[in-house]
Amino acid sequence: DRPTVALTNYPGLPERMAAIRHLRKRGVPVIGFQHGVSREINGMLDAAAAYTENAATDLFLAYNERAAAVANGQPFAGGRSEAVGLPRRMTRAGRAPFWRRRTAIWYVSTNSYRGVWQSVAAAISDREKAQREIAIVEEVLGRLDRPVVYKPYPEASYADPDPVLEHLSRYPNISVHGDAVDLRYLFPHVGLIVTARATSTTAWCLMSGRPVVFLDLPDDQPLHVDVRGHFAAGLFLFDGTDPAERERLHNFLKQPLSVITKAWAEKAAARQALIGRYFSAGGRPGAGAAELIEGWLRQRPPRQAANGRREQGAQHDG
């Protein structure tokens with residue numbers, strides 16, 4: 001049987017683009033859901049506009065008004081975009097009693113090598129990416145007198161060992177979390193998060209409720225210029241490319257966790273404003289999305305499918 005509608009949260013891959021093309025030939029509309037917070041905060045995402053969810057879908061459901069507005073303004077935008085809020089699994093991230101948190105500092109790495117497929121969102125090579133990550137380890141994490149857990153990015157682009165992971169063995173205070181476990185299941189063990197790059201990982205870290213130290217890398221998935229002030233007000237923001245800033249970060253992380261937690265609490269109002277503007281529209285994301293989809297399907301005019309029959313609830317070929 002022909003489906004009424006197809007749903008996807010990452011249509012920008014070749015095989016999924018092919019599937020979407022096939023669905024449209026059969027008169028099946030495609031609805032895209034936001035894959036993760038990035039277009040709202042990333043300073044270089046416009047360069048990848050052709051790969052965003054709404055470039056290949058008939059309707060796009062975003063997490064927040066900022067994401068919907070950015071999507072609607074893209075040159076490759078398809079159907080309209082609407083904000084419905086963050087999924088509950090993200091807003092519930094990290095809910096656990098404080099006594100279950102066993103390790104003070106986790107470095108959640110977003111260091112993703114590109115291999116032969118270089119990203120337009122970064123202006124440095126994979127070799128430079130590794131050197132940058134090693135500098136953070138050498139100058140900040142490895143010099144701390146407390147345990148640090150390094151969680152690698154769960155994606156491998158090379159058969160060769162990661163030089164960063166090989167380098168970590170020099171530091172007795174750093175352990176590597178090697179299991180490919182989703183970050184949301186690990187938050188109960190985390191007291192403080194250090195992460196870098198304006199990617200979808202940022203949202204998970206922020207919604208965990210743990211103090212978040214964010215390293216902006218101006219040449220690798222940088223923060224959008226409009227967002228930096230909001231991040232500085234709501235999180236702990238450092239420039240990860242500047243040696244002087246890395247020294248300042250080391251001194252910051254040397255403080256007792258209780259001192260950092262108190263400073264984090266003082267940023268609560270600014271952080272809520274940051275979340276409301278760039279992360280979640282609030283409301284009832286699941287029920288609201290279902291109601292929006294049902295209304296949108298009822299309003300769509302019939303479409304001429306590939307077999308010549310008119311399909312109810314799909315738009316005309318453009």
Side-chain angles (χ1 to χ4, degrees), residues 7-13 16-17 30-57 59-72 74 76-77 81-94 108-114 117 119-122 151-155 180-187 193 195-210 212 214-217 220-224 226-227 230-231 234-235 271 274-283 285-286 289:
L7 310 178
T8 178
N9 76 333
Y10 204 89
L13 298 175
R16 296 182 188 179
M17 295 287 285
V30 181
I31 297 176
F33 291 82
Q34 186 165 352
H35 174 69
V37 173
S38 54
R39 80 203 70 216
E40 306 93 322
I41 62 175
N42 193 300
M44 298 181 71
L45 209 65
D46 284 348
Y51 300 99
T52 55
E53 297 93 337
N54 66 309
T57 55
L59 173 68
F60 172 56
L61 302 184
Y63 294 156
N64 53 73
E65 297 292 346
R66 165 88 172 187
V70 171
N72 282 326
Q74 294 287 2
F76 301 102
S81 302
E82 299 284 350
V84 295
L86 278 174
R88 294 293 185 206
R89 63 193 178 96
M90 295 188 72
T91 57
R92 290 195 298 261
V108 179
S109 178
T110 56
N111 184 37
S112 176
Y113 300 118
R114 310 314 297 178
W117 185 68
S119 172
V120 293
K151 185 183 186 303
Y153 190 74
E155 180 181 275
V181 177
D182 196 298
L183 179 61
R184 58 179 156 151
Y185 300 117
L186 301 173
F187 286 132
I193 298 169
T195 191
R197 302 175 185 86
T199 71
S200 57
T201 299
T202 307
W204 285 104
C205 295
L206 177 58
M207 301 310 295
S208 73
R210 308 301 190 263
V212 177
F214 186 86
L215 308 184
D216 187 27
L217 308 179
D220 188 5
Q221 305 277 8
L223 283 174
H224 193 284
D226 295 343
V227 184
H230 297 280
F231 264 61
L235 311 180
R271 189 161 52 255
L274 170 69
I275 291 172
R277 183 177 180 89
Y278 294 105
F279 290 86
S280 180

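Sequence positions, counted from 1, serve as the residue numbers for this chain.
- One finds the CZ atom of Arg271 at 15.0 Å from the NE2 atom of His230 (value rounded to the nearest 0.5 Å).
- Going from atom CZ of Arg89 over to atom CZ of Arg184 covers 5.0 Å, rounded to the nearest 0.5 Å.
- Put simply, the side chain of Asn9 never gets that close to the backbone of Phe33: no donor and acceptor are under 3.5 Å apart.
- Side-chain contact check for Asn64 and Glu40: at least one donor-acceptor pair (N or O, by modelled atom type) lies under 3.5 Å.
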Problem set entry | side chain to side chain contact (heavy atoms under 4.5 Å, CB included) between Phe60 and Gln34, intermediate numbers included | CA-CA 7 Å; Phe60 172 56; Gln34 186 165 352; 3.9 Å; yes

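- Summarising the geometry, atom OG belonging to Ser280 is positioned 8.5 Å from atom CD1 belonging to Ile275; distances are rounded to the nearest 0.5 Å.
- Contact annotation: the side chain of Phe231 approaches that of Thr202 to within less than 4.5 Å [non-hydrogen atoms, C-beta and beyond].
- Side-chain contact, Gln221 with Thr199: no donor N or O sits under 3.5 Å from an acceptor N or O.
- Heavy-atom minimum distance, Ala77 versus Ala71: CB-O, 3.5 Å.
- With values rounded to the nearest 0.5 angstrom, Glu155 atom CD is found 11.5 Å from Thr110 atom OG1.
- No donor-acceptor pair under 3.5 Å is formed between the side chain of Ser38 and the backbone N or O of Ser200.
- Separating the NZ atom in Lys151 from the CD1 atom in Ile193 is a distance of 11.0 Å, to the nearest 0.5 Å.
- Across all their heavy atoms, Tyr278 and Val37 have their closest contact at O-CG1, 3.8 Å.
- Residues Met90 and Tyr63 meet the side-chain proximity criterion, which asks for heavy atoms closer than 4.5 Å.
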For this session: Would you please test Val227 and Arg277 for side chain to side chain contact (heavy atoms under 4.5 Å, CB included) and show each step?
Result: CA-CA 10 Å; Val227 184; Arg277 183 177 180 89; over 6 Å; no

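- The two residues Ala68 and Ala83 make their nearest non-hydrogen contact at CB-N, 4.1 Å.
- Closest of all the heavy-atom pairs between Cys205 and Ser208 is O-OG, 2.6 Å.
- Considering only heavy atoms from C-beta on, Trp204 comes within 4.5 Å of Phe187 through its side chain.
- Taking the side chain as every heavy atom from C-beta outward, Thr8 and Thr57 approach each other to under 4.5 Å.
- Smallest separation of non-hydrogen atoms from Leu217 and Ala196: CD1-CB, 4.2 Å.
- Val30 is not listed as a side-chain neighbour of Pro11, based on a closest heavy-atom distance of 4.5 Å or more.
- Counting only heavy atoms from C-beta outward, the side chains of Asn54 and Arg39 approach each other to under 4.5 Å.
- Between the CG atom in Leu223 and the CZ atom in Arg197 there is a gap of 12.0 Å [rounded to 0.5 Å].
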For this session: Show your reasoning for whether side chain to side chain contact (heavy atoms under 4.5 Å, CB included) applies to Leu274 and Leu206.
Result: CA-CA 10 Å; Leu274 170 69; Leu206 177 58; 4.2 Å; yes

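- At a threshold of 4.5 Å between non-hydrogen side-chain atoms, the residues Leu61 and Glu53 do not count as touching.
- By the 30° and 60° cut-offs, the orientation of the rings of His35 relative to Tyr10 is perpendicular.
- Minimum interatomic distance between Gly283 and Arg88 (heavy atoms only, all atoms of both residues): O-NH2, 3.3 Å.
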